[in-house]
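Index from 1, following the sequence. Counting starts at 1 for both ligands and their atoms, following the listed order.
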Amino acid sequence: MTRAAILNVTGYAGAELARLLHSHPGVELVAVTGRAEAGKKLAEIFPHLRQIDLAVGERVDESVDLVFSALPHTSSAEGLIPFIRQGIPVVDLSADFRIKNSDTYRRFYGVDHPAPELLGGAVYGLPEVTRKPEQGARIVGNPGCYAAGALLALAPGVAAGLFGADIVIDGKSGISGAGRTLGQPYHFAEANDSVSAYAMEGEGHRHRPEIDQELGCLRGKTSKPVAFVPHLVPLTRGILTTVFAQVVRNVAQAELMDAYCSFYEGSTFVGVVESPPSTKQVAGTNNCLIHVRASDASGKAIVVSAIDNLGRGAAGQAVQNMNRVLGLPETMGLEQLALYP
Ligand SMILES: NC(=O)c1ccc[n+]([C@@H]2O[C@H](COP(=O)([O-])OP(=O)(O)OC[C@H]3O[C@@H](n4cnc5c(N)ncnc54)[C@H](OP(=O)(O)O)[C@@H]3O)[C@@H](O)[C@H]2O)c1
């Protein structure tokens, strides 16, 4: 049984990870940390986690086998460095081990990376897209939630050489994507019954560079950055992504479907579906549903993907990555079906 710990269990991502690990047959959750809530029982903070008999600690000792971090960026790398130095595998839900280039990290996150020398050894944890073996990896950078939805939607078309450089991404996220920390745009009276775009100024949203980075890996070269606009929608969970990708030649619907179905053949979590998916169809899961359409008139392909930002966008993906690092069956602990209605 693997002994796992979560740094910062008191945010949405950390709490969802604790929920998933509780029913994982190959893992025992042995330690969780938090700052303001240190010393309290987990069940006092999160009554929905009452079956987990753990107190929130201030730190984790190095007797654990694997560490997840759901800390904010920068604090996350700093918190993980002692474990990395001990050779303990880590899965980081923050942005700290996603971007390979420390200058890009500084440009988008406004701070120097605390350990740029570790970036080269980190694996970008979106296995259906990167196709890299995580087994034996010591550092996995879990993708950003918007990036996961966008990359899963784009990868088959890009890998097949069907999509050119002109790509527009419209992402719509539920409010838990902004975390548990209070902020005016997330108050019920501000967010309910309303939809808004954000992060349009300057170079745009922080998830864009990781999308560009991973599309570059699929193409074997860097190309024009994608255009990406995120939106806040009045949902608790879920990200619906619509991508508009220029096709390099006339591509029939059947060819596009073939490219998508064969790219995801054998994948338990990613499904190519006949009609546009909704976020409800993936709520509480690590799944991603994708619908793809060739649009002759516009010269574009249109792809829609649905994920749960706390599932495939965070904790579910982290568990899938842990399974791969440990050499466990990839779906272990992630077999639950979506909540409905
Ligand atoms: N929410 C999502 O959908 C999602 C998806 C993918 C990835 N992520 C990533 O997961 C991480 C956690 O996100 P979240 O949405 O769960 O956050 P969150 O709900 O906003 O949680 C933030 C928690 O972090 C603690 N905290 C804040 N600053 C800290 C610091 N400097 N050091 C230690 N603890 C600090 C706060 O608790 P105390 O004040 O009690 O310490 C707060 O409860 C972030 O890196 C985020 O980018 C989130």
query: Quick one: does NZ or CZ of Arg138 land under 6.0 Å from the six-membered ring centre of Phe83, within 45 degrees of the ring axis?
result: no
message: Among all the protein's non-hydrogen atoms, which is closest to atom 4 (C) of ligand 1, and how far away is it?
response: Ala314 CB, 4.2 Å
message: Please state which option from Asp96, Leu93, Asn8, Ile175 has its nearest heavy atom closest to atom 46 (C) of ligand 1.
response: Leu93
query: For atom 15 (O) of ligand 1, what is the nearest protein heavy atom, given as residue, atom name and distance?
result: Gly179 CA, 3.1 Å
Ser94 and ligand 1 - part of the residue with a heavy-atom distance under 4.0 Å: both
query: Is the closest heavy atom of Gly34 to ligand 1 under 4.0 Å?
result: no
message: Measuring from non-hydrogen atoms of Ala70 to any atom of ligand 1, is the shortest distance under 4.0 Å?
response: yes
- prompt: What's the shortest distance from atom 22 (C) of ligand 1 to any protein heavy atom, and which residue and atom give it?
  reply: Thr181 OG1, 3.7 Å
field: Per-atom contacts, ligand 1 versus Tyr12 - under 4.0 Å to a heavy atom
entry: 16 (O), 19 (O)
field: Check: Gln320/Gln317 side-chain N/O donor and acceptor closer than 3.5 Å
entry: yes
message: Less than 3.5 Å apart, any donor N or O on the side chain of Tyr124 or Glu210 sitting next to an acceptor on the other?
response: yes
- prompt: What atoms of ligand 1 come within less than 4.0 Å of a heavy atom belonging to Gly177?
  reply: 1 (N), 2 (C), 3 (O)
- request: Closest by any non-hydrogen atom to atom 28 (N) of ligand 1: pick that one out of Ala148, Ala38, Ala178, Pro72.
  value: Pro72
Atom indices of ligand 1, in the order listed, that fall short of 4.0 Å to a heavy atom of Leu310: 1 (N), 2 (C), 3 (O)
message: What I want to know is whether Arg98 and ligand 1 share at least one N or O pair that is separated by under 3.5 angstrom.
response: no
statement: If you scan protein heavy atoms around atom 3 (O) of ligand 1, the nearest is Asn309 ND2, 2.9 Å
statement: atom 1 (N) of ligand 1: of Ser176, Ala15, Ser69, Ser173, the nearest heavy atom sits on Ser176
Neighbour count above 12 (heavy atom, 6.0 Å) for Asp61 CG: yes
Side chain to side chain, Ser102 and Asp112, heavy atoms closer than 4.5 Å: no
Nearest-contact summary for atom 21 (O) of ligand 1 - protein heavy atom, Å: Gly11 CA, 3.2 Å
task: May I ask you to identify the nearest protein heavy atom to atom 37 (O) of ligand 1, giving residue, atom name and distance to one decimal place in Å?
output: Thr10 OG1, 3.6 Å
- request: Please indicate whether Met200 has more than 12 foreign heavy atoms, meaning atoms of other residues, nucleotides or ligands, lying under 6.0 Å from its CE.
  value: no
field: Closest protein heavy atom to atom 18 (P) of ligand 1, given as residue, atom name and distance to 0.1 Å
entry: Arg180 N, 3.2 Å
statement: Between Phe163 and Leu256 the two heavy atoms that sit nearest each other are CE2-CD1, 4.0 Å
- request: Could you grab the distance from atom CG of Leu118 to atom CZ of Phe97, nearest 0.5 Å is fine?
  value: 5.5 Å
query: Is it true that the side chains of Asp96 and Ser76 contain a donor and an acceptor less than 3.5 Å apart?
result: no
- prompt: Taking all atoms of both residues into account, what is the closest heavy-atom pair of Leu119 and Lys100, and its distance?
  reply: O-NZ, 3.4 Å
task: Compute the shortest N/O to N/O distance between Ala36 and ligand 1 and return yes if it is under 3.5 Å, no if not.
output: yes
- prompt: If you measure from each non-hydrogen atom of Leu71 to ligand 1, which part falls under 4.0 Å: side chain, backbone, both or neither?
  reply: both
Taking distance alone, no hydrogens or angles, what donor-acceptor pairs closer than 3.5 Å link side-chain atoms of residues 180-193 to residues at least two apart or in another chain?
residue, atom, partner, partner atom, Å
Arg180, NH1, Thr10, O, 2.8
Gln184, NE2, Glu190, OE2, 3.4

- request: Between Glu37, Arg237, Arg312, Arg35, flag the one that comes closest to atom 32 (N) of ligand 1 by a heavy atom.
  value: Arg35
field: Output field: ring centroids Phe228/His207 closer than 6.0 Å
entry: no
statement: Out of Gly313, Cys145, Gly311, the nearest non-hydrogen contact to atom 6 (C) of ligand 1 is supplied by Gly313
message: List the residues meeting ring pair (Phe, Tyr, Trp, His ring centres under 6.0 Å) with Tyr105, not counting sequence neighbours, and say none if there are none.
response: Tyr109, His113
message: Which residue and atom name correspond to the protein heavy atom nearest atom 48 (C) of ligand 1, and how close is it?
response: Ala13 CB, 4.2 Å
